[in-house]
Amino acid sequence: MDLRQFLTCLSLCTAFALSKPTEKKDRVHHEPQLSDKVHNDAQSFDYDHDAFLGAEEAKTFDQLTPEESKERLGKIVSKIDGDKDGFVTVDELKDWIKFAQKRWIYEDVERQWKGHDLNEDGLVSWEEYKNATYGYVLDDPDPDDGFNYKQMMVRDERRFKMADKDGDLIATKEEFTAFLHPEEYEYMKDIVVQETMEDIDKNADGFIDLEEYIGDMYSHDGNADEPEWVKTEREQFVEFRDKNRDGKMDKEETKDWILPSDYDHAEAEARHLVYESDQNKDGKLTKEEIVDKYDLFVGSQATDFGEALVRHDEF
């Protein structure tokens, strides 16, 4: 990957792989499915294992005995109990499931952290990020590839300042995560919308009209006939995206499009796990109740729990 590609991928986390002219490009941020398996507890608990641990972690449970599985599950439960009151609530379980499903984000942050915390003080300042990411390319105002690195740096700085809650231009790991993955944080969603609109709004009028909307996801590339999905997207824009029927999308309409309020799969699974395991029906789980139903949570498969516990320290 050359520098231009790296910077593009790093800075624009709402971006996506380049599409062929007839392939649809999607800017919508959906919550991922918890598992690709069928959720049918009458047949197996595989879906629940994937949901509770993440699919990749769930695969590592295969070699453990039930006793080992219960022991390690108990240690994970201690991490899920955030307020240390001896109970796991639906909200705590939901937060854990969301953490388990998005481990790749934290792994990505860890990789990038090492390359940007230049003085190894456990923080990343804007100056550190700027120097590590752009470095000498900023000394050349007219790079050979014609790419506007300075414009990208300005955009990154704006996002960094938004992620930096205390305004000191020094990011904690949590703030750095918000900077790299703003779509995961409620307080960063406005910047996701702003960047998306800037990408698509070619005439810079502050709105996205129908042709800009279609042009972002499809290039005619000399083809006179549009694919059916493009015609469908035109209809979607008119009927659903442009809610006030003024022929363009404003900020709120764009937000509704790219950041929809999806069904909360994590909450649904958390409620399911509590319902199935809550022996005294008090609406929350003890460690004993969870371990007693270990086969629902992990079965005879067990996580690389040490790694999970270390990552969860920041959760």
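Computation of the quantities below employed the complete heavy-atom set of this structure, encompassing side-chain atoms and omitting hydrogens, waters and symmetry-equivalent molecules.
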Please check: side-chain N/O of [X] versus main-chain N/O of [Y], any donor-acceptor pairing under 3.5 Å?
{"X": "Glu289", "Y": "Asp278", "result": "no"}
{"X": "Glu92", "Y": "Thr89", "result": "yes"}
{"X": "Glu68", "Y": "Thr65", "result": "yes"}
{"X": "Glu128", "Y": "Asn119", "result": "yes"}
{"X": "Asp242", "Y": "Phe237", "result": "no"}
{"X": "Ser44", "Y": "Asn40", "result": "no"}

Are the aromatic rings of [X] and [Y] close, with centres under 6.0 Å apart?
{"X": "His49", "Y": "Tyr47", "answer": "no"}
{"X": "Tyr106", "Y": "Phe99", "answer": "yes"}
{"X": "Phe52", "Y": "Phe297", "answer": "yes"}

Could you check whether [X] pairs with [Y] (Lys NZ or Arg NE/NH1/NH2 to Asp/Glu carboxylate O, under 4.0 Å)?
{"X": "Arg234", "Y": "Glu211", "result": "yes"}
{"X": "Glu253", "Y": "Arg241", "result": "no"}
{"X": "Lys130", "Y": "Glu127", "result": "yes"}
{"X": "Asp91", "Y": "Lys284", "result": "no"}
{"X": "Glu157", "Y": "Lys161", "result": "yes"}
{"X": "Glu252", "Y": "Lys255", "result": "no"}
{"X": "Lys248", "Y": "Glu212", "result": "no"}
{"X": "Arg158", "Y": "Glu198", "result": "yes"}
{"X": "Arg155", "Y": "Asp199", "result": "yes"}
{"X": "Asp108", "Y": "Arg111", "result": "yes"}

Report the C-alpha separation of Val291 and Thr286 in whole Å, then their side-chain angles, then the decisive distance to 0.1 Å, and conclude whether the side-chain contact (heavy atoms from CB on, under 4.5 Å) test is met. CA-CA 9 Å; Val291 173; Thr286 62; over 6 Å; no
Polar contact flag, side-chain donor to acceptor under 3.5 angstrom, His39-Asp48: yes
Do [X] and [Y] make a side-chain contact, defined as non-hydrogen atoms from C-beta onward lying under 4.5 Å apart?
{"X": "Met188", "Y": "Met162", "answer": "yes"}
{"X": "Val38", "Y": "Gln43", "answer": "no"}
{"X": "Trp229", "Y": "Met217", "answer": "yes"}
{"X": "Thr177", "Y": "Tyr185", "answer": "yes"}
{"X": "Lys287", "Y": "Leu73", "answer": "no"}
{"X": "Glu239", "Y": "Arg245", "answer": "yes"}
{"X": "Glu175", "Y": "Ile170", "answer": "no"}
{"X": "Asp81", "Y": "Phe87", "answer": "no"}

Full working for salt bridge (charged side-chain N to carboxylate O under 4.0 Å, His left out) between Arg27 and Glu183: CA-CA 11 Å; Arg27 287 189 179 268; Glu183 70 282 354; over 6 Å; no
Where is the tightest heavy-atom contact between [X] and [Y], given as atom of each residue plus distance?
{"X": "Phe160", "Y": "Ser125", "result": "CZ-C, 3.8 Å"}
{"X": "Ala100", "Y": "Ala51", "result": "CB-O, 4.4 Å"}
{"X": "Ala171", "Y": "Trp113", "result": "O-CH2, 3.8 Å"}
{"X": "Val90", "Y": "Val274", "result": "CG2-CG2, 3.8 Å"}
{"X": "Leu296", "Y": "Asp41", "result": "CD1-OD2, 4.1 Å"}
{"X": "Asp117", "Y": "Gly122", "result": "OD2-N, 3.0 Å"}

Enter the distance from [X]:[atom1] to [Y]:[atom2] here, rounded to the nearest 0.5 Å.
{"X": "Phe179", "Y": "Gln112", "atom1": "CZ", "atom2": "CD", "answer": "8.5 Å"}
{"X": "Gln194", "Y": "Asp201", "atom1": "CD", "atom2": "CG", "answer": "11.5 Å"}
{"X": "Ile200", "Y": "Thr254", "atom1": "CD1", "atom2": "OG1", "answer": "7.0 Å"}
{"X": "Ser277", "Y": "Glu288", "atom1": "OG", "atom2": "CD", "answer": "13.0 Å"}
{"X": "Thr196", "Y": "Ile208", "atom1": "OG1", "atom2": "CD1", "answer": "7.5 Å"}
{"X": "Lys70", "Y": "Asp295", "atom1": "NZ", "atom2": "CG", "answer": "9.0 Å"}

Hey, mind stepping through Glu184 and His181 against side-chain contact (heavy atoms from CB on, under 4.5 Å) and telling me if it holds? CA-CA 6 Å; Glu184 302 296 334; His181 299 277; 4.0 Å; yes
Applying a strict under-4.5 Å side-chain criterion to I, L, V, M, F, W and Y, I'd like to know whether Val28 and Ile191 cluster together. yes
Go through the steps to decide whether Glu56 and Arg103 satisfy the test salt bridge (charged side-chain N to carboxylate O under 4.0 Å, His left out), and finish with yes or no. CA-CA 10 Å; Glu56 291 304 313; Arg103 276 197 183 94; over 6 Å; no
Just wondering, more than 12 heavy atoms not from [X] lying within 6.0 Å of its [atom1]?
{"X": "Lys251", "atom1": "NZ", "answer": "no"}
{"X": "Lys281", "atom1": "NZ", "answer": "yes"}
{"X": "Arg271", "atom1": "CZ", "answer": "no"}
{"X": "Tyr187", "atom1": "OH", "answer": "yes"}

His116 vs Trp126, ring-ring contact (aromatic ring centres under 6.0 Å, His included): CA-CA, chis, key distance, verdict: CA-CA 10 Å; His116 291 94; Trp126 167 246; over 10 Å; no
Run the ring-ring contact (aromatic ring centres under 6.0 Å, His included) test on Tyr134 and Tyr149 for me, step by step, so that the C-alpha distance in whole Å, both residues' side-chain angles and the decisive distance to 0.1 Å come before the verdict. CA-CA 8 Å; Tyr134 297 98; Tyr149 294 106; 7.1 Å; no
Asp264/Lys94 under side-chain contact (heavy atoms from CB on, under 4.5 Å): CA gap, chis, key distance, verdict: CA-CA 9 Å; Asp264 196 331; Lys94 178 183 72 173; 3.9 Å; yes
Given the rule in the side-chain contact (heavy atoms from CB on, under 4.5 Å) test, do Val230 and Glu233 qualify, once you have shown the distances and angles that lead to the verdict? CA-CA 5 Å; Val230 176; Glu233 284 296 338; 5.5 Å; no
I would like to know whether Trp257 and Phe240 meet ring-ring contact (aromatic ring centres under 6.0 Å, His included); could you show each step before the answer? CA-CA 9 Å; Trp257 165 44; Phe240 301 107; over 10 Å; no
